Amino acid sequence: MSFAVPDGVRPVRDAVHAFMTERVEPAEPVLHAGGPDAAAALDELRAEAKKEGLWALGHPRELGGGGLPFLDYVYVNEVQGRSEFGQLALGTFTLQDSLMLHEHASPEQRERYLEPLVRGDIWPSFAMTEPTISSSDPTQIKTSAVLDGDEWVINGHKWFTTGASRAAYTTVMCRTEHDAPPHLAFSMILVPTDTPGYRIVRETPVLGLDGAHCEVRYEDVRVPAANLLGPRGHGFVIAQQRLGPGRIFHCMRWLGQAQRAFDLMCRRLQERTAFGEPLAKKQLMRQHVFDSYAEIQAARLLTLNAAEAVDAGSQARVEIGAIKVVGARMLHNVIDRAIQVYGAAGLTPDTPLDRMYRHARAGRIYDGPDEVHIDSVGRRILGEYAAGGNWEFGLR
């Protein structure tokens, strides 16, 4: 496997890179401020992306997207990830939900949700995490749905339902079966956010950042039985199909964030002087460059390897689990070093590093904490040896 961007992907990657660095990144101060000006700026960016053929590049072509193969999308997504607004500006923030609906939605669900989702006309949200249970063991989920005639009646309490305050609907994972094994006891149900009983309690700031991570209560929420997504009792299967590629999408974008932090760090080392010479002349500063280079390269290769395995039809659970941990740690470390190089300025909003650092810390928790993935990867590899085999790296 080569690190280099394939020739066939290079033009679209270059176009996305230019869009990010020339338009999205300069718009960040306005976008961070929120309000009508931010909404207008985002609408303008989205319109430009559509006009230039850069909209929804990772979505299947039959849905109106760019149709990029999964592995090719890595090379584009790592550039798009330079800014937290890249997904929004380029229409890829709906990709996980679009792929989930593409696989499991009924014709009516596709018309109501999937088509406008890919166009960017509506926003999705996904509700799995609950405040009263350990999310690393989702078999404890307490939100329930009971079939009453031709309606599901949902009661429960979720939080970190990202984007619920602006979403048209939420895909809710809830217990529907009481006599089934734990991994066949839950279902996915589509709930429009204007349904009576759907109550947003608050938007929970994360490390001081407002990211529309909502706490939501479901109080006798009634939706049609036809809002069931996929087979009844298959919520875990659908969740794993959604979360697996989603974790790689995070890792792809983290590469873009790491690249941006690396660039900022290296330029600062060239521009800043101390004790009569540029910081780039200091050996300890060069150590920051070396460590960051090595970690970014390692994480990038692991990400490409995981994406290649998914492209080949594998569930790639070891590869995905490993890169979720390594990628999040890499991102934190690289941004941390860049802040160290900037000194006091790195702690302020004068650079993007302060927001990037806080977002990076959250990466070690969402979509499964490090500890869960570490345990899962170790258990699966040891299982190969317990079965009389081994883990031959050259053949994986």
Side-chain angles (χ1 to χ4, degrees), residues 6 8-20 23-24 27 39-126 162-164 166-171 188 190-193 226-227 229-230 238 241-246 248-250 252-253 256 307 310-311 313:
V9 186
R10 186 65 183 267
V12 67
R13 187 185 190 272
D14 288 348
V16 171
H17 187 277
F19 192 89
M20 293 299 303
R23 284 180 259 185
V24 176
L42 183 57
D43 285 345
E44 183 177 351
L45 288 170
R46 285 153 59 92
E48 291 173 354
K50 290 178 180 179
K51 182 179 179 180
E52 296 178 23
L54 301 178
W55 181 260
L57 291 172
H59 290 67
R61 195 174 299 278
E62 62 267 27
L63 300 182
L68 279 181
F70 193 84
L71 185 55
D72 288 353
Y73 185 56
V74 177
Y75 299 103
V76 173
N77 205 4
E78 67 175 335
V79 173
Q80 176 189 264
R82 291 177 59 90
S83 170
E84 63 186 277
F85 297 103
Q87 294 185 87
L88 301 178
L90 295 168
T92 61
F93 71 100
T94 67
L95 183 54
Q96 282 180 265
D97 294 272
S98 296
L99 293 176
M100 180 175 66
L101 291 176
H102 188 39
E103 178 71 21
H104 298 286
S106 68
E108 293 77 16
Q109 291 168 350
R110 294 174 70 91
E111 181 178 357
R112 180 172 181 181
Y113 298 112
L114 179 55
E115 294 172 14
L117 201 62
V118 177
R119 292 195 303 266
D121 295 341
I122 63 172
W123 293 54
S125 56
F126 184 82
T162 304
R166 65 188 71 168
Y169 74 99
T170 300
T171 305
M188 295 289 189
L190 304 176
V191 179
T193 54
N227 282 30
L229 180 66
I238 297 173
Q241 290 174 348
R242 181 184 190 277
L243 291 172
I248 302 182
F249 295 152
H250 288 315
M252 296 172 187
R253 292 191 298 272
V310 171
D311 233 13

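Keep in mind that this is a model prediction, so the values were computed, not measured. For reference, positions follow the sequence shown, starting with 1.
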Euclidean distance, [Y] [atom2] relative to [X] [atom1], rounded to 0.5 Å:
| X | Y | atom1 | atom2 | value |
| --- | --- | --- | --- | --- |
| I248 | Y73 | CD1 | OH | 12.0 Å |
| L101 | R112 | CG | CZ | 12.0 Å |
| R119 | L63 | CZ | CG | 11.5 Å |
| I238 | L243 | CD1 | CG | 11.5 Å |
| W123 | T162 | CH2 | OG1 | 11.5 Å |
| R253 | T92 | CZ | OG1 | 7.0 Å |

So, the side chain of [X] versus the backbone of [Y]: is there a donor-acceptor pair under 3.5 Å, distance only?
| X | Y | value |
| --- | --- | --- |
| S125 | Y169 | yes |
| W55 | V118 | yes |
| R13 | V76 | no |
| Q109 | A226 | yes |
| R242 | F126 | no |

For the residue pair [X] and [Y], establish whether any side-chain heavy-atom pair is separated by less than 4.5 Å.
| X | Y | value |
| --- | --- | --- |
| Q87 | L95 | no |
| L45 | F19 | yes |
| L117 | P124 | yes |
| H104 | Q241 | yes |
| F85 | F93 | no |
| M100 | L229 | yes |
| H59 | T94 | yes |
| T193 | T170 | yes |

Taking all non-hydrogen atoms of both residues, which atom of [X] and which atom of [Y] are closest, and how far apart?
| X | Y | result |
| --- | --- | --- |
| Q96 | G246 | NE2-CA, 3.3 Å |
| H17 | V79 | CA-CG1, 3.2 Å |
| L114 | S98 | CD1-O, 3.5 Å |
| A89 | A49 | O-CB, 3.4 Å |
| G120 | R46 | O-NH2, 2.6 Å |
| Y113 | I122 | O-CD1, 3.6 Å |

Determine whether more than 12 heavy atoms belonging to other residues, nucleotides or ligands lie under 6.0 Å from atom CD of E52.
-> yes
Kindly determine whether L90 and L57 satisfy side chain to side chain contact (heavy atoms under 4.5 Å, CB included), including the steps that lead there.
-> CA-CA 8 Å; L90 295 168; L57 291 172; over 6 Å; no
Quick one: do the E62 and H102 side chains pair a donor with an acceptor below 3.5 Å?
-> yes
